[in-house]
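Data block below; observations after.
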Protein chains: 2
Amino acid sequence: MINYTLKQLKYFVAVAESGNVTEASEKLYISQPAISNAISQLEETLNTQLLIRHHAKGVSLTPAGKEMVSYCRTLLSHAEEINGYMIQHSTLISGTINIGCYASLGPIYAPKLIQGFTKLYPEVNFKLFEGDIEELNEALVTGKIEMALMYDLNNNCQIESTKLAKISPHVLLSVKHPLANRKKINLMALQDEPLVLLDLPHSNKYFQSLFEQYDKNPFIKHRTKSIEMLRSLVANGEGYALMNAHVKSNTCFDGSELISIPLSDYATPISLVISKVLGVKLPKRCEAFLEFCIKNFNLDNK
Amino acid sequence: MINYTLKQLKYFVAVAESGNVTEASEKLYISQPAISNAISQLEETLNTQLLIRHHAKGVSLTPAGKEMVSYCRTLLSHAEEINGYMIQHSTLISGTINIGCYASLGPIYAPKLIQGFTKLYPEVNFKLFEGDIEELNEALVTGKIEMALMYDLNNNCQIESTKLAKISPHVLLSVKHPLANRKKINLMALQDEPLVLLDLPHSNKYFQSLFEQYDKNPFIKHRTKSIEMLRSLVANGEGYALMNAHVKSNTCFDGSELISIPLSDYATPISLVISKVLGVKLPKRCEAFLEFCIKNFNLDNK
DNA sequence: TGAAATTACGTTTGGCGTAAGCATG
DNA sequence: CATGCTTACGCCAAACGTAATTTCA
């Protein structure tokens, strides 16, 4: 059980350094009896006499006091260090940002954002987490991550999201597909073809909901949770796929080619957002990153 | 400037470990709002959010909070360690005793006392200081030493002494001296011989005062501050000397022989004492040593 | 007599507990 | 509606300041 306070230690060290309670009290802007009292208490809780009081000639340290001073110095400087470190990281743009990315968005947006930001603030580094929407919400709320780059689903009232951009659904087709040279594609043009469904929570429902306006159900040939598997299947002619973002690479992992074409159908608007837990005060670095993301996407839109 | 308290840190760590303020408050026997409040204050002083509060589901740590917990743990355990160390040394008989010895008494009494005590309490070690009375008083009052083995001169009202034994003056003579076989010697028997004076503060005055009862002044041939020089001079026939303790060795450093014979004259009583600063609470080890010295000398006197 | 400690005492701060309020699952 | 957080409020202890007292050089 610790029964002393950091304040007592601070006063004690000041007195030890001055050799004189009065001088210490002037340095600390605290009255002399207050200091005297604090040290008496410290002595009592430690059951150890630390000072020898001289009349009209200040004080000197007992051997135990001398030991104690050096202990106090290290403890106090350690405490200072912690304080400085925490304050610094709430104020300066440095340290680690723990950021989550929705699996299909991460590879598209995260690297450029991170690179751009660390160019401005080289003291910041990032720790990336990937997951589906549920996992990201969970990670935010349990403090595993401070922010997440994901779709705006508004399904969790503890989460606060900032819109970065509107996302439009795209169709993925093999380059060999007859419609591969279209500028836009309507879902009905593909109604008899097999669909390769991205089978992540929310996204699977979202893509299927696109068919509701036509009262049709798609013919789902494959389901996968992996973006790259999806792209490979499409590039190798296993069907078409729907994605909520525009991947710029036309080559998938096995070298086959595919293409991404905007969907011309009506789609319930969906946004790319950066999210945080509602009401939490973020470290400065995170606030700065949020600002940066907003600015960065506004520039893109121009 | 440190603006947090160890108590706040303690509460915070407890909450972090419980994941739950209520549980922590039960462990700490402190009301739940008190803890909640303390942590809010801590967050404010650090300008950093440490916890994410969930409704009806406890709390979780933010990344900053996670860092802070580990800092707190090391700081608190350091503080515990200091506390434990200081309490232990005020309670247990271990650690270092800083003891001063009057130059001429040290070699005679200190080694046996130290050996006897460390046999009883092997955890204790000694740091020895030697000096004349003034130096020892100074060392006591400035906290350089906790106790001193010296003569009782009662000349410093800040010092508190415990009598260990009465000391009687002895005459040192060369074994070749005609009076070397006496059991006791009267000063007048030596009145025409040269005196080798131990020229330490107080002792020089004391020895010269012995001659006052005869209205004589001694013939001082040599003055020295060193006991061994004194003994060598005497052993080599340069004169007799007076000492306030009985040295048991008859051989001095150069191999010459000398003898120590009690003085039969009246001498103002002088005592061997162990001294400390008036009113200071000594560590347990020092109190134990004081007790040991008292007991040890009482045994000797029987 | 002056310097520098402690003691005495009144004020105020702040830490704690009780009770009420609020939000979520 | 039970859980578990925060807010509100009152109380008391403790920290601080002022002033008086003590003690030694």
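Convention: sequence-line order gives letters A, B, ...; per-chain numbering from 1.
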Give one of base, sugar-phosphate or nothing for [X], where a contact means two heavy atoms less than 4.0 Å apart.
X: B:Gln41; value: sugar-phosphate
X: B:Asn20; value: sugar-phosphate
X: B:Thr22; value: sugar-phosphate
X: B:Gln32; value: base

Report the distance from atom [atom1] of [X] to atom [atom2] of [N], rounded to the nearest whole Å.
X: A:Asn37; N: D:dC16; atom1: CG; atom2: P; result: 9 Å
X: A:Glu43; N: C:dA5; atom1: CD; atom2: P; result: 13 Å
X: B:Arg53; N: C:dC22; atom1: CZ; atom2: P; result: 19 Å

Assert yes or no for the condition that the ring centre distance of B:Tyr206 to B:Tyr151 is strictly below 6.0 Å.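 Ring centres of B:Tyr151 and B:Tyr206 not closer than 6.0 Å.
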
Phosphate oxygens OP1/OP2 of D:dT23: is one of them under 4.0 Å from a side-chain N or O of A:Lys57? no

Any A:Tyr11 side-chain N or O less than 4.0 Å from OP1/OP2 of D:dC16: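 So the side-chain polar atoms of A:Tyr11 do come within 4.0 Å of the phosphate oxygens OP1 or OP2 of D:dC16, strictly under.
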
Given C:dT18, D:dG17, D:dC5, the nucleotide with the shortest approach to the side chain of B:Pro33: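 Of the candidates, C:dT18 comes closest.
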
Closest listed nucleotide, where the reference is the side chain of B:Ala56 and the choices are D:dG17, C:dT24, C:dT18: C:dT24

Distance-only polar pair, side chains of A:His54 and A:Ser60, donor-acceptor under 3.5 Å: yes

Under 3.5 Å side-chain donor-acceptor pair for A:His89 and B:Glu67: no

Atom CD1 of A:Ile99 and atom CD1 of A:Ile145: how far apart are they, to the nearest 0.5 Å?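 CD1 of A:Ile145 is found 8.0 Å from CD1 of A:Ile99.
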
5'-most contact on DNA chain C: A:Gly19 or B:Ala38, nearest heavy atom basis?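 Counting from the 5' end, the first nearest nucleotide belongs to A:Gly19.
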
